[in-house]
Amino acid sequence: MPGLVRRFGFAAVVAAVLALMAVIIVVKTILPGGGSAGAAAAGGGHQEATVVVAAPAETRRFTDAVQALGNAQAFESIVITPKVADVIRTIRFDSGDRVARGQVLVELTNV
């Protein structure tokens with residue numbers, strides 16, 4: 001090893017450290033308990049009991065609900081303006097109603 005360090009210097013040290021780390025990772029991956037399987041099998045390790053909860057089966061109603069905030073804007077809209085300035089007395093349609101050509105939509109006061 002000293003000959004490698006003199007010949008290749010820092011690169012040899014880095015390669016040796018990486019190889020050692022790879023061996024440690026493989027051992028911890030393969031052996032359960034991170035490499036301490038022998039101690040656990042011999043009674044030196046402590047394993048906690050798994051908690052099990054039992055409940056009777058029942059039918060429940062499930063509904064998907066989505067809440068959102070936002071603004072809605074119509075694809076088409078119109079602006080109604082009178083030919084004369086006056087006060088509106090009655091509006092003869094509701095929002096979303098279909099109206100016929102010539103139908104009276106708004107009555108103005110005769111002031």
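We use all heavy atoms of the structure for the numbers below, so side chains are in, but hydrogens, waters and symmetry mates are not.
Criterion: ILVMFWY side-chain heavy atoms under 4.5 Å apart, direct or through other members. Under it, Val87 and Val104 are not part of a common hydrophobic cluster.
Among residues two or more places apart in sequence or in another chain, the salt bridge (Lys or Arg N to Asp or Glu O under 4.0 Å) test is passed with Arg61 by none. Arg101 pairs by the side chain to side chain donor-acceptor pair (under 3.5 Å) definition with nothing, not counting sequence neighbours. The side chain to side chain donor-acceptor pair (under 3.5 Å) test applied to Gln103 returns no partner, not counting sequence neighbours. In this view, Val26 and Ile30 satisfy the side-chain contact (heavy atoms from CB on, under 4.5 Å) rule, not counting sequence neighbours. Ile25 meets the side-chain contact (heavy atoms from CB on, under 4.5 Å) test with Thr29; sequence neighbours excluded.
Phe93 and Leu105 make their closest contact through CD2-O, 3.6 Å (heavy atoms, listed as atom of the first residue, atom of the second, distance).
Heavy atoms from other residues, nucleotides or ligands lying under 6.0 Å from CD1 of Ile88 number 12 at most.
Clustering of Ile, Leu, Val, Met, Phe, Trp and Tyr side chains at separations under 4.5 Å places Leu20 together with Ile24.
The stretch residues 65-77 participates, sequence neighbours left out, in no side-chain hydrogen bond (donor to acceptor under 3.5 Å, both in side chains) pair at all.
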